[in-house]
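Take this structure first; my questions come after.
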There are 2 protein chains.
Amino acid sequence: MAVHDVKPRPVVSKKDALVREMLERVADKWTLLVIDALEGKRDVRFSRLREAVGDVSQKMLTKTLRQLERDGLISRRVHAEVPPRVEYTLTPLGDSLGAAVCGMWKWVDAHVEDVERSRRKYDAPAQR
Amino acid sequence: MAVHDVKPRPVVSKKDALVREMLERVADKWTLLVIDALEGKRDVRFSRLREAVGDVSQKMLTKTLRQLERDGLISRRVHAEVPPRVEYTLTPLGDSLGAAVCGMWKWVDAHVEDVERSRRKYDAPAQR
DNA sequence: TTCTATACTTCCCTTAAGGAAACCATGGCG
DNA sequence: CGCCATGGTTTCCTTAAGGGAAGTATAGAA
């Protein structure tokens with residue numbers, strides 16, 4: 001009724017917002033693939049990473065890596081050499097995220113069939 | 001060397017593709033919020049759902065729900081009444097996804113601080 | 001007959017994502 | 001002096017996402 005009632009539902013708390021943001025981050029096209037590609041390895045070079053991830057554009061890989069670095073999930077080490085060499089490694093935090101994501105990965109892995117079956121059924125030309 | 005060698009790296013297997021797709025799906029702006037809003041409830045109406053999720057546009061809510069239905073994660077029941085009534089409920093499959101996602105949710109919840117700290121550090125005006 | 005509420009659907013428009021390709025800096029090599 | 005490789009950055013362009021608003025169908029109430 002009063003001015004402060006203009007937006008009656010804050011909709012999301014600050015934390016919720018961050019959670020949502022992180023979920024989006026985690027699920028954007030490349031982040032997970034990068035984390036996956038880095039898991040269990042150390043000091044992976046940009047080019048190797050690019051090969052491992054698949055068909056990322058250079059731009060997107062760079063961007064993704066910067067974001068991950070900013071969030072403290074990977075470390076970036078530049079070697080002052082003549083053909084430049086930059087190596088990426090998961091931080092402990094990044095590792096733990098990898099583990100958490102693993103649960104989802106497993107779910108998908110376990111239920112691909114279910115989902116596909118459901119889709120086929122849904123897409124089937126309406127009987128009759 | 002031969003013709004079939006044109007694309008030497010399939011980059012992703014069929015399953016990988018689906019996994020990636022599901023991850024993207026899960027992480028699009030609304031899916032998780034919808035699943036979250038449906039957890040532990042039954043027969044939630046469209047409008048209630050919309051309130052619960054936040055500021056979704058009608059269009060996006062509908063689209064998201066269709067996708068979830070197609071994937072077998074929610075059930076959609078239409079009541080032939082005069083003000084139409086449609087109710088949504090998580091299927092067991094949807095429930096299990098909710099549980100799987102929970103792991104990530106917890107991770108984010110547990111590490112928001114770490115991430116924020118890292119960001120502040122990263123964004124800090126370069127010392128000196 | 002007109003109005004109402006609900007759950008869509010469709011159209012239009014703006015913004016954002018993201019790829020391609022070109023450019024840059026580096027220092028040793030031939 | 002070109003030229004190479006690596007890891008970027010920048011520009012341009014196309015596509016996709018997604019919001020707003022209007023339209024649709026429905027049967028009963030008034």
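Throughout, a chain's letter reflects where its sequence line sits, starting with A, and its residues are numbered from 1.
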Report all side-chain donor-acceptor pairs from residues 70-85 of chain A shorter than 3.5 Å, counting only partners two or more places apart or in another chain.
residue  : atom : partner   : partner atom : Å
Arg70(A) : NH1  : Asp123(B) : OD1          : 3.0
Arg70(A) : NH1  : Asp123(B) : OD2          : 2.3
Asp71(A) : OD1  : Arg119(B) : NE           : 2.6
Asp71(A) : OD1  : Arg119(B) : NH2          : 3.2
Asp71(A) : OD2  : Arg25(A)  : NH1          : 3.0
Asp71(A) : OD2  : Arg119(B) : NH2          : 3.4
Arg76(A) : NE   : Tyr88(A)  : OH           : 3.1
Arg77(A) : NH2  : Asp43(A)  : OD1          : 3.1
His79(A) : NE2  : Glu87(A)  : OE1          : 2.9
Glu81(A) : OE1  : Arg85(A)  : NE           : 3.2
Glu81(A) : OE2  : Arg85(A)  : NE           : 3.3
Glu81(A) : OE2  : Arg85(A)  : NH2          : 2.5
Arg85(A) : NH1  : Glu87(A)  : OE2          : 2.8

Handout entry: 5' priority, DNA chain C, between Glu87(B) and Val56(A) [closest heavy atom]
Key = Glu87(B)
Completion exercise
Rounded to the nearest 0.5 angstrom, the CG-CZ distance for Leu90(B) and Arg42(B) is 9.5 Å
Handout entry: Distance, nearest 0.5 Å, that separates CG of Asp55(A) from CH2 of Trp30(A)
Key =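 If I round to the nearest 0.5 Å, the distance is 5.0 Å.
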Exercise for the section: Answer yes or no: does a side-chain N or O of Arg45(A) lie under 4.0 Å from OP1 or OP2 of dT6(D)? Expected result: no
Exercise for the section: Taking only heavy atoms on the protein side, list every residue of residues 59-84 of chain B lying under 4.0 Å from any atom of DNA chain D, sorted numerically. Expected result: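 Under 4.0 Å from DNA chain D: Lys59(B), Met60(B), Val82(B).
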Practice task
Applying side chain to side chain contact (heavy atoms under 4.5 Å, CB included), name anything that partners Arg117(A), two or more places apart in sequence or on another chain.
Solution key: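 Expected list: Glu113(A), Asp114(A), Arg120(A).
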Practice task
Anything under 4.0 Å to a heavy atom of chain A counts; send over the first and last such nucleotide of DNA chain C, read 5' to 3'.
Solution key: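 First and last nucleotides in contact are dG18(C) to dG27(C).
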Practice task
Starting from C1' on dG8(D), measure out to CG on Leu49(A) and report it in whole angstrom.
Solution key: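 Leu49(A) atom CG is separated from dG8(D) atom C1' by 14 Å.
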Handout entry: Pairs meeting criterion side-chain hydrogen bond (donor to acceptor under 3.5 Å, both in side chains) with involvement of residues 90-106 of chain B, two or more places apart
Key = Trp107(A)-Ser96(B)
Exercise for the section: Quantify the bending of the helix from dT1(C)-dA30(D) to dG30(C)-dC1(D) as the angle between its end axes, each fitted on five pairs, to 10°. Expected result: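 The angle separating the two end axes equals 40°.
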When the side chains of residues 32-39 of chain B are checked against the rest of the protein, which donor-acceptor pairs come out under 3.5 Å, sequence neighbours left out?
none

Completion exercise
Whole-Å distance, Phe46(A) CZ to dG8(D) C1', equals 7 Å
Determine all donor-acceptor pairs shorter than 3.5 Å in which one atom belongs to a side chain in residues 56-68 of chain B; sequence neighbours excluded.
residue  : atom : partner  : partner atom : Å
Ser57(B) : OG   : Met60(B) : N            : 3.2
Thr62(B) : OG1  : Gln58(B) : O            : 2.9
Thr64(B) : OG1  : Met60(B) : O            : 2.7

